[in-house]
Amino acid sequence: MNDIAVILPAYNEEEDVEELVDKWQRHRQALKESYNLTLRTILVNDGSSDKTKAIGEKLQKNYDNFILVNHEKNKGLGMAVKSGIEYAIKNFPESKYVCIMDCDNTHDPKYIFSMLEKEKLTKADIVIASRYEKGSSVKGLSLFRKTTCIGAKCVYSTILKVTNVKDYTCGYRLYKRSILEKLIEKFGEKIIEETGFTCMVEVLYKLYICGAVFAEVPFELRYDLKKGASKMNVMKTSFNSIKFLITLKEKLNV
């Protein structure tokens, strides 16, 4: 199994998506030469009202390893991630890894190499690009957002207590295909039920229940490079996250 499938969930990312995909393509040869991995890129357009779909159609013509998956209507981040995972598992049987990241240029594809090295070193099932590992930094984020993120980290760590995880919400992760197959086997159509940003906590905890081993690498989060508007309502997301945590462990009976 020698593919790495990169999933890019996108909603109204016309200003960022092409630049991000081009960055991934610049690593295509290095992934092949250094890790014998064939790059596959999957853009999940989640019912965008801007030109994201049209840009995806153009990229599909330009790159033979690029696929556009389209939601006619906006279903939310959770459903976009779910569609991407299901597409990758079904259509790329040779995939060894699945990488998921934000599509707004805040995550740099270059960190895939340190994530792959970490997986080799630790044999982890999931490697997270973490804002809380030594050597990480965040640029372009307000003090309020930084404070909110640190508060969320403390709450998640206290309640969920997943070994080797400090960053529960960052969407930039490298998954082994084998652990995603276990997730699908255990939860079926319910691998992700949350539609909003809390989906990243949900899938992480469900993977933990499946026996996943986690590791983290430092990275630089670049909100200053994001051209499009933020989709997150910070206060609403924080409130929903607390409600979600209260019910998650009870729902899963753990």
Side-chain angles (χ1 to χ4, degrees), residues 4-9 16 19-24 26-28 30-31 34-35 37 39 41 77 81 96-176 179-180 197-205 207-208 212-226 230 232 234 237-238 241:
I4 178 169
V6 177
I7 299 168
L8 306 174
D16 295 299
E19 182 179 350
L20 178 60
V21 171
D22 288 344
K23 284 181 182 178
W24 270 107
R26 289 197 286 272
H27 295 308
R28 184 176 183 177
L31 285 167
S34 299
Y35 297 94
L37 291 172
L39 176 65
T41 311
L77 176 62
V81 172
K96 183 176 182 180
Y97 301 105
V98 173
C99 179
I100 304 175
M101 70 187 308
D102 292 355
C103 199
D104 58 5
N105 252 334
T106 59
H107 300 166
D108 196 316
K110 69 181 181 182
Y111 294 103
I112 191 61
F113 298 105
S114 61
M115 296 166 91
L116 287 166
E117 287 299 316
K118 190 73 170 184
E119 185 275 324
K120 286 173 62 178
L121 181 66
T122 64
K123 307 302 180 185
D125 298 298
I126 299 110
V127 179
I128 301 168
S130 172
R131 293 164 289 179
Y132 307 116
E133 280 288 296
K134 183 178 180 181
S136 295
S137 64
V138 179
K139 293 187 177 180
L141 199 62
S142 69
L143 179 60
F144 174 70
R145 285 284 298 273
K146 287 181 180 178
T147 303
T148 302
C149 290
I150 292 171
K153 168 185 174 290
C154 294
V155 172
Y156 291 134
S157 298
T158 300
I159 296 176
L160 299 182
K161 300 177 182 177
V162 178
T163 305
N164 294 330
V165 174
K166 301 185 189 78
D167 199 328
Y168 285 80
T169 58
C170 184
Y172 194 178
R173 300 172 184 167
L174 178 70
Y175 304 82
K176 284 181 180 176
I179 197 64
L180 291 176
F197 291 93
T198 49
C199 70
M200 300 314 300
V201 182
E202 177 191 8
V203 72
L204 185 150
Y205 198 68
L207 284 161
Y208 175 62
V213 175
F214 294 85
E216 295 187 331
V217 297
F219 86 121
E220 187 175 57
L221 182 61
R222 297 293 303 270
Y223 273 98
D224 58 325
L225 297 181
K226 178 182 173 67
S230 175
M232 180 185 289
V234 177
T237 299
S238 299
S241 296

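Taking both residues in full, the closest heavy atoms of T163 and F214 are given as O-CB, 3.9 Å, listed atom of the first, atom of the second, then distance. For the pair D16 and C103, the tightest heavy-atom approach, listed with the atom from each and the gap, is CB-O, 3.8 Å. Between A124 and E119, the shortest heavy-atom distance links the atoms O-CG, 3.5 Å. The nearest pair of heavy atoms linking C170 to R131 is N-NH2, 3.8 Å. Scanning both residues, K23 and P109, for their nearest heavy atoms gives CB-CG, 3.9 Å. The shortest non-hydrogen separation linking L174 to M115 is N-CE, 3.5 Å.
Counting heavy atoms from C-beta outward, I4 and I112 have side chains that approach closer than 4.5 Å. L160 is listed as a side-chain neighbour of V201, based on a closest heavy-atom distance under 4.5 Å. Y111 is not listed as a side-chain neighbour of V217, based on a closest heavy-atom distance of 4.5 Å or more. Counting only heavy atoms from C-beta outward, the side chains of Y205 and Y168 never approach each other to under 4.5 Å. Y172 has its side chain within reach of C99: a pair of non-hydrogen atoms, C-beta onward, lies under 4.5 Å apart. Taking 4.5 Å as the limit, some side-chain heavy atom of E117 sits within range of a side-chain heavy atom of Y35.
Between the CG atom of L121 and the CG atom of L116 there is a distance of 12.5 Å, given to the nearest 0.5 Å. S136 OG to E220 CD: the interatomic distance, rounded to the nearest 0.5 Å, is 9.5 Å. Separating the CG atom in L221 from the CG atom in D167 is a distance of 9.0 Å, to the nearest 0.5 Å. Rounded to the nearest 0.5 Å, atoms CD1 (I128) and CZ (F219) are 10.5 Å apart. Taking CD1 of I126 as the start and OH of Y175 as the end, the distance is 7.0 Å to the nearest 0.5 Å. Rounded to the nearest 0.5 angstrom, L20 CG and D102 CG are separated by 9.5 Å.
Judged by distance alone, with hydrogens and angles left aside, the side-chain atoms of E216 form a donor-acceptor pair with the main-chain N or O of K166 at under 3.5 Å.
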Next on the checklist: Could you go through V203 and V81, starting from their C-alpha distance and side-chain angles, then the distance that decides it, and tell me whether this counts as side-chain contact (heavy atoms from CB on, under 4.5 Å)?
Outcome noted: CA-CA 10 Å; V203 72; V81 172; 5.8 Å; no
Item to check | Criterion side-chain contact (heavy atoms from CB on, under 4.5 Å) on L204 and R173, from CA distance to verdict | outcome: CA-CA 10 Å; L204 185 150; R173 300 172 184 167; 3.6 Å; yes
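Classified by interplanar angle (parallel below 30°, tilted 30° to 60°, perpendicular above 60°), the ring pair H27/W24 is perpendicular.
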